[in-house]
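First listed ligand is number 1; within each ligand, the first listed atom is number 1. If you're wondering where the values come from, they're calculated on a predicted model, not measured in any experiment.
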Amino acid sequence: MFRTPIILRQFIRSRQSQARWNTRSTTRAELEKWQEQRVLSFLREIVPKSPYYKRAFSTLDHSEWRKLPVIDKTEMMSCFSEMNTAGIRKEEAFHLALRAERTRDFSATLGTVTVGLSSGTTGNRGLFLVERKEAWAYAGTLLGKILPDLFKGRHRAALFLRSNSNLYEGTRNPFLEFQYFDLTRAMAEHVGSLNRFEPTLIVGPPSVLRELARFSIEGSLRISPTKIYSAAEVLEPLDRRFIEDAFRTRTDQIYQCTEGFIGVSCSHGTIHLNEDLLVIEREAVPSADGRSEYFVPVITDFTRKTQPIIRYRLNDLLLPKKRACPCGSLFTALESISGRSDDILYFGAKAVLPDFIRRALILSSEAIEEYRVIQHHPHELEIQLKCREGEQKSCRTAVGNKIAELCAEFNLEIPVLRFKYYETQSLDGKLRRVYRAFDPFNSVDTVSS
Ligand SMILES: [Zn+2]
């Protein structure tokens, strides 16, 4: 009905914004002014409909929105029923989302609102509401930002998604065709359909892309996509290299989560934050290795009106690029998305960013094919390695030396290293290569050291 015009309009807009027309800005200051106007007009619309924000703004002017407290998932979930502008109660939303997951039928809605459930540990899952027109606009924006040379032939996009969505179904036109691949099924089952579909573009989490790359190297998967996008998980340099070597094309990144569409790689391969959709404030992250330019993003999305996302802290560690990107975009350029903020490790009492460990692993030996580093204890690291045949021992020594070297450089306590063979994991779990598995604030060891 209204779907195509909305998708198309957003498609054109998000293309334009890369060309700076949509935001009508030629300088960063102009962009920020434009964003401020967008936030104010967004607030004018949503505040009267949201009991939570009506109360929050009873003593504040809309222009003072930056004085609102920063919220996170826990706060958002506890105020869910009062915050959304559709009058949807948390219990009914949960009920619908859980039933959809169980039956894998995601077509049920509350009126025109789709309910989504974010992944997370039990008891810490987020609920997200998206109204139909918002979803179409979202689809248009995403396509506008990721589709290469739209008018050069027909695109076939293979989407590997955790939950199916009826969003793009029916989007069949001379330029574009979609096919879904269910992540809950074994990857080997998809090989035949992929060979028949011959996708020109693949979107999927790095764990899946890596698996596809393996099938391609083995020869059973015979596709040559021109564009590959990694989404939903951190793309580690090691996996990126593996995927790119197998498909002989660059792997770009879509930075999105249930809370919003945060960023995407440009034609130069740099991830830019979507500052045509969001205001992104930065919370500084101190780290013992001296790389303190990392930040945690606090987002305000001025396009999502059903479930307002205002000053919402994402659980991600971002490293901004020092130099401007040659594409000329005004949007913040990132060096990397470095993991989740609760994956920060602790060497004794000092915080160490996951990138520190990543660097040590990558620099230590070319023979490392896969790795996982888990910290269970402040004075210890478990390091799992999969190495080229016969090189396990030399890799372990090299990793030990590299970590010792970096610890000396940044004056850190050297943890005890416990080496193991790499344990392969199932594909439905997220691929996390560096993470912490204890709570530093409840650890006697950390406090006393
Ligand atoms: Zn760029």
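With respect to R28 and E275, a salt bridge is recorded, a charged nitrogen being found less than 4.0 Å from a carboxylate O. Under the 4.0 Å criterion applied to side-chain N and carboxylate O atoms, E211 and R214 are assigned as salt-bridge partners.
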Salt bridge (Lys or Arg N to Asp or Glu O under 4.0 Å) assessment of E233 paired with R432: CA-CA 8 Å; E233 291 164 11; R432 290 165 73 197; over 6 Å; no
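With hydrogens and angles left out, the side-chain atoms of E177 and Q179 include no donor and acceptor closer than 3.5 Å.
Its N, O or S atom nearest to the Zn ion (ligand 1) is what matters here, and for H272 that atom is NE2.
One finds an angle of 120° at the Zn ion (ligand 1) between SG on C327 and SG on C266, to the nearest 10 degrees.
Under 2.8 Å from the Zn ion (ligand 1) lies an N/O/S atom of C325, whether from backbone or side chain.
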